[in-house]
Colleague: 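Quick one: structure below, then a few questions.
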Amino acid sequence: MIALTDANNFYVSCERVFNPRLEGKPVVVLSNNDACVVARSNEVKALGVKMGTPLFEMRWSATGPEGPSLVHEHQTQVFSSNYALYGDLSRRVMEVLGQFTPEVEVYSIDEAFLGLAGLSCEMVAHHMRLMVKQWTGIPVSVGVATTKTLAKIANHQAKQQGGVCVLQEPEPVLAQLPVSEVWGIGRRLTQRLEAQGITTALHLQQADLALIRQLLGIVGVRTVLELRGVACLPLERCPQPRKSCGVSRGFGRPVASLAELKQAIASYGATAAAKLRRDHRVAQSLQVFITTNRFHPQKPQYANSETIGLPYPTHDTLTIVRAALGATERLYRPGYTYHKAGVMLLDLSDGAICQGGLFRDETRRERVGRLMVAVDSLNRRFGDGTVRWAAAGLRQEWKMRSEWRSSRFTTRWDELVVVR
DNA sequence: TCTGGGGTCCTAGGACCC
DNA sequence: TCTGGGGTCCTAGGACCC
């Protein structure tokens, strides 16, 4: 049997751990740039606010721009996202789960698959829920079934039944479940299936495999088999090393000048390079993209990207940022207001395996390597941003909005919770 | 005024090889 | 008259997930 644990309204729950006054109140957490709702407390879900709703729409009202604001009328508590906090609490939740079995696959920031072979499912599921809540403050739901896809559905059930569901006989549940709720069936595939009269998970489970192969490809066939209890997706205990690593952001205000665009790209490139070093990976190429705001079609639109090969696989900020800035100069067109930009590092490989370059300056490589180690350790010890790159600018007026971020209670000495 | 970010996998088509 | 078959690699686009 496989369990899927999934935290309830995870980001909202993280905020409540350090601010119990939020309990029972409507709470939302916003995406980057304070743009969209990405986590909702049950109270907010009950108000009919959809996942992904832009904040400005919530500030209008449920009925349109003229009505009373959902935020004000219901005293909704609004938070900017605080990934330092959520990431750390996620790590703690996973650590607790790891005490029940070594068979843990961390699937996302708030979900894990667990192999329960040889364990008493019902008992373990309840115990896990209790321990995670007691030791981290985070409420989780646990679904158990014979395959990952069915465990997802069991978890969906658990959320409506007090937190635990062991799915022995899936069929009655599948009959009630819209096909769009099945893991792996998104918006487009739902349309394709519905056109064939396949509207419930049970229809999908019983569909003809040849038809599914044609309609949804090999991935869809796996989904159908998984619904039938044939495991096609193994538990992945060791995360596969990343193949790409990107950093992109929308700007806090429109950016028109090349100088500011280059600051942003330098900043994102430096962040991406630091991630690479943390993972002990190196990149062989990179891509830079810039774009105007597609939500303002009446304004002139421009979006473009450039992919560049690096002279040798590297994770050094100087090489990466220099290459990214060169691309930015070639991509830039005056006369537009830019809204978003990003740097993606591609063709990643293991940094421990280093292919020397025929014309590579080994002395410089070693010196730059030592510089990176120094910068990383200072930032690790004293907090991100302690040492920054001048190319990223000092004032950074383009920086994303983050007006309502709570403290980083668990990862910054100067932001510890205060008890009066 | 205000509309997220970071990933993965699969497929089809083109270029190229023998 | 008649123009193969089998394979790899790369890329872009489309789909999905949280």
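None of these values were measured; they are calculated from a predicted model. Below, read A as the first sequence line, B as the second, and so on, with proteins coming before strands; counting in each chain starts at 1.
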Colleague: Taking the P atom in each of C:dC17 and B:dT3, what is the distance between them to the nearest angstrom?
Modeller: 25 Å
Colleague: I need the CD-C1' distance between A:Gln301 and B:dT3, as an integer number of Å.
Modeller: 13 Å
Colleague: Give every residue pair that meets the salt bridge (charged side-chain N to carboxylate O under 4.0 Å, His left out) criterion with at least one member in residues 136-152 of chain A, sequence neighbours excluded.
Modeller: A:Glu105-A:Lys148, A:Glu111-A:Lys152
Colleague: Describe the nucleic acid contact of A:Asn293 in one word from base, sugar-phosphate, nothing, applying a heavy-atom distance below 4.0 Å.
Modeller: sugar-phosphate
Colleague: Respond yes when some side-chain nitrogen or oxygen of A:Arg401 is under 4.0 Å from OP1 or OP2 of B:dT3, and no when none is.
Modeller: yes
Colleague: Take the protein atom OH of A:Tyr107 and the nucleotide atom P of C:dC18, then report the distance between them rounded to whole Å.
Modeller: 5 Å
Colleague: Applying side chain to side chain donor-acceptor pair (under 3.5 Å) as the test, list every pair that has at least one member in residues 127-146 of chain A; sequence neighbours left out.
Modeller: A:Asn8-A:Ser141
Colleague: Distance-only criterion, 3.5 Å: show the donor-acceptor pairs between side-chain atoms of residues 385-395 of chain A and protein atoms not counting sequence neighbours.
Modeller:
residue  : atom : partner  : partner atom : Å
A:Thr386 : OG1  : A:Phe382 : O            : 3.2
A:Thr386 : OG1  : A:Gly383 : O            : 2.5
A:Arg395 : NE   : A:Glu397 : OE2          : 3.3
A:Arg395 : NH2  : A:Glu397 : OE2          : 2.6

Colleague: Report the distance from atom CG of A:Leu189 to atom P of C:dC16, rounded to the nearest whole Å.
Modeller: 4 Å
Colleague: Is the phosphate of B:dT1 approached by A:His296 (side-chain N or O, under 4.0 Å from OP1 or OP2)?
Modeller: no
Colleague: Using a 4.0 Å cut-off on protein heavy atoms (strictly under), produce a 5'-to-3' string for nucleotides 4-13 of chain B with B for base contact, S for backbone-only sugar-phosphate contact, and - for none.
Modeller: SSSSSSSS--
Colleague: In dot-bracket form, how is DNA chain C paired, counting a Watson-Crick or G-U wobble pair only if both its distances are under 3.5 Å and using | for bases paired to another strand?
Modeller: ....||||||||||||||
Colleague: Find the distance A:Glu105:CD to C:dC18:C1' and express it as a whole number of Å.
Modeller: 13 Å
Colleague: Within this structure, what is the NZ-to-P distance between A:Lys152 and C:dC16, rounded to whole angstrom?
Modeller: 15 Å
Colleague: Identify every side-chain donor-acceptor pair in residues 188-198 of chain A under 3.5 Å, counting partners at least two apart or on other chains, and give the distances.
Modeller:
residue  : atom : partner  : partner atom : Å
A:Thr190 : OG1  : A:Gly186 : O            : 2.6
A:Arg192 : NH1  : A:Leu215 : O            : 3.0

Colleague: Write down the distance between CG (A:Leu55) and P (B:dT3), rounded to a whole number of angstrom.
Modeller: 10 Å
Colleague: Please report the distance, rounded to the nearest Å, between CD in A:Glu111 and P in C:dC18.
Modeller: 6 Å
Colleague: Checking A:Arg91 now: which residues fulfil side-chain contact (heavy atoms from CB on, under 4.5 Å) with it, not counting sequence neighbours?
Modeller: A:Asp88, A:Glu95
Colleague: Any side-chain N or O of A:Arg253 under 4.0 Å from OP1/OP2 of B:dT1?
Modeller: no
Colleague: Any salt bridge linking A:Asp414 with A:Arg412? Criterion: basic side-chain nitrogen under 4.0 Å from a carboxylate oxygen.
Modeller: yes
Colleague: I'd like to check the side-chain contact (heavy atoms from CB on, under 4.5 Å) partners of A:Cys36; sequence neighbours left out, ordered by chain and number.
Modeller: A:Ser31
Colleague: Between C1' on C:dC18 and CZ on A:Phe113, what's the gap in Å once rounded to a whole number?
Modeller: 11 Å
Colleague: Any ring pair (Phe, Tyr, Trp, His ring centres under 6.0 Å) involving residues 183-237 of chain A? Give me the pairs, sequence neighbours left out, ordered by first then second residue.
Modeller: A:Tyr107-A:Trp183, A:Phe113-A:Trp183
Colleague: What's A:Ile109 touching, base or sugar-phosphate or nothing? Going by heavy atoms closer than 4.0 Å.
Modeller: nothing
Colleague: Is the A:Tyr268-A:Phe289 ring centre distance short of 6.0 angstrom?
Modeller: no
